[in-house]
Trainee: 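One structure follows; several queries about it will come next.
Naming: A, B, ... by sequence-line order, numbering from 1 per chain. Side-chain atoms are counted along with the backbone in the values below, which use heavy atoms only and exclude waters and symmetry mates.
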Number of protein chains: 2
Amino acid sequence: MPATTTASPSIKVIPEPPGLPEPLPEPSVDELRLETVLGALSDPLRLTIVRKLLLESEDFDHTCGWFGLDRPKSSLTHHFKALREAGVTRQRQYGLERRSHVRIDDLNARFPGLLDLVAAWTPQR
Amino acid sequence: MPATTTASPSIKVIPEPPGLPEPLPEPSVDELRLETVLGALSDPLRLTIVRKLLLESEDFDHTCGWFGLDRPKSSLTHHFKALREAGVTRQRQYGLERRSHVRIDDLNARFPGLLDLVAAWTPQR
DNA sequence: CGACTAGTACGAGTTTCATCGTACAGCCTG
DNA sequence: CAGGCTGTACGATGAAACTCGTACTAGTCG
């Protein structure tokens, strides 16, 4: 039988507390496609986002602004949407803010080891 | 110190015999970039190629024709070149033929677990 | 040498994607 | 309710990338 999701020591798995807003539209676990996920991760900016979420998440999830990315807002919207639609991140609306976190359990279940590669990535030699 | 490269049971590691033709130009191990490799693998046709190489390689390496892909030759050239330039495959010229194999050791060393995901991939539900 | 063959090079058409400006929607606070 | 804030939607632009036809190169074998 499947063990409960295992994660590498560096990647914190944070259970979702109840009573959260509904997530924005996203693919279900069995709709996750490797080629789509890899495509979403084949971009340095998006790798930066996901890696930062994996390694520096202290709270449950984070707004666009938290990342400190020096790009116009509409560019960031584009990339966060790409990550969500590929199934890499989950986004919820909290009043004004739209917060993101990585779907660690789902990705570990479908593509074990993939997030470890992202966590180990370094921006550009 | 690093253990010698480990591979999952399903992926055969075949040592390269001496006296082969020089490989075509390719990135060295430390030039491999995660975003580039993921980009090369974010295409269903190329995933098919790499997966078939991983699971069905009995000989050392294989020609374009071996894959039985129903695409024009120039399209195949394009994809094989993309895989080689990303560092996923190595190509050698044997007389008329250009044969490919996956750089299993190099990829396992830099991105452990990645090839297992490719081997476990299924074309389209 | 001439035919055959594996594969490349080049170029065009099409699509997809990244980037970003601008305008707008929704929420909060005074 | 007005202003400020987070973030989206839309649209334009330019750059890649996929697809493929055609012409070509380079081995091989009769």
Trainee: Are side-chain N/O atoms of B:Glu97 and B:Thr63 paired as donor and acceptor at under 3.5 Å?
Mentor: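 No.
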Trainee: Whether the A:Ser42 and B:Glu35 side chains hold a donor-acceptor pair (N or O, under 3.5 Å, no angle test) is what I'd like checked.
Mentor: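 Not at all, the side chains of A:Ser42 and B:Glu35 share no donor-acceptor pair under 3.5 Å.
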Trainee: Rounded to whole angstroms, how far apart are OH on A:Tyr94 and C1' on C:dG26?
Mentor: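 So the OH-C1' distance, A:Tyr94 to C:dG26, works out to 18 Å.
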Trainee: May I have the distance from A:Asp43 (atom CG) to D:dA15 (atom P), rounded to whole angstrom?
Mentor: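 The distance from CG of A:Asp43 to P of D:dA15 comes to 18 Å, rounded to the nearest Å.
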Trainee: Select base, sugar-phosphate, or nothing to describe what B:His79 touches, counting heavy atoms under 4.0 Å on all strands.
Mentor: sugar-phosphate
Trainee: Got more than 12 heavy atoms from elsewhere within 6.0 Å of NZ, A:Lys52?
Mentor: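 More than 12 heavy atoms, drawn from other residues, nucleotides or ligands, come within 6.0 Å of this atom.
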Trainee: Donor-acceptor pair, distance only, cut-off 3.5 Å: does the side chain of B:Arg98 make one with the backbone of B:Arg92?
Mentor: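 Judged by distance alone, no pair lies under 3.5 Å.
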Trainee: Give the rounded distance in Å between these two atoms: CZ of B:Phe80 and C1' of D:dC18.
Mentor: 16 Å
Trainee: Check every atom of C:dC20, C:dA6, C:dG7 against the side chain of B:Lys73 and return the nucleotide holding the closest atom.
Mentor: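 Of all the options, the side chain of B:Lys73 is nearest to C:dG7.
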Trainee: When the distance from NZ of B:Lys81 to C1' of D:dC18 is rounded to whole Å, what number comes out?
Mentor: 14 Å
Trainee: From CZ of B:Phe67 over to P of C:dA6, roughly how many Å is that when rounded to an integer?
Mentor: 15 Å
Trainee: What is the separation between atom NE2 on A:His78 and atom P on C:dT16, rounded to the nearest whole Å?
Mentor: 13 Å
Trainee: Can you see if the side chain of A:Arg99 gets near the phosphate of D:dT6 - specifically, an N or O under 4.0 Å from OP1 or OP2?
Mentor: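 For D:dT6, OP1/OP2 do not have a side-chain N/O of A:Arg99 under 4.0 Å.
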Trainee: One pair to check against salt bridge (charged side-chain N to carboxylate O under 4.0 Å, His left out): A:Arg90 and A:Asp106. What are the steps and the verdict?
Mentor: CA-CA 11 Å; A:Arg90 172 166 297 145; A:Asp106 291 344; 3.5 Å; yes
Trainee: Please tell me which of the listed nucleotides, C:dT5, C:dG7, C:dT8, lies nearest to the side chain of B:Leu96?
Mentor: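 The nucleotide sitting nearest to the side chain is C:dT5.
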Trainee: Give the rounded distance in Å between these two atoms: CD of A:Gln93 and P of D:dC5.
Mentor: 18 Å
Trainee: Measure the distance from CZ on B:Arg98 to P on C:dT5 and round it to the nearest whole Å.
Mentor: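 Whole-Å distance recorded here is 20 Å.
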Trainee: Would you mind telling me which of C:dT22, C:dG7, D:dC20 lies closest to the side-chain atoms of A:Ser74?
Mentor: C:dT22
Trainee: State which of D:dC20, C:dT8, C:dC20 makes the closest approach to the side chain of B:Ser75.
Mentor: D:dC20
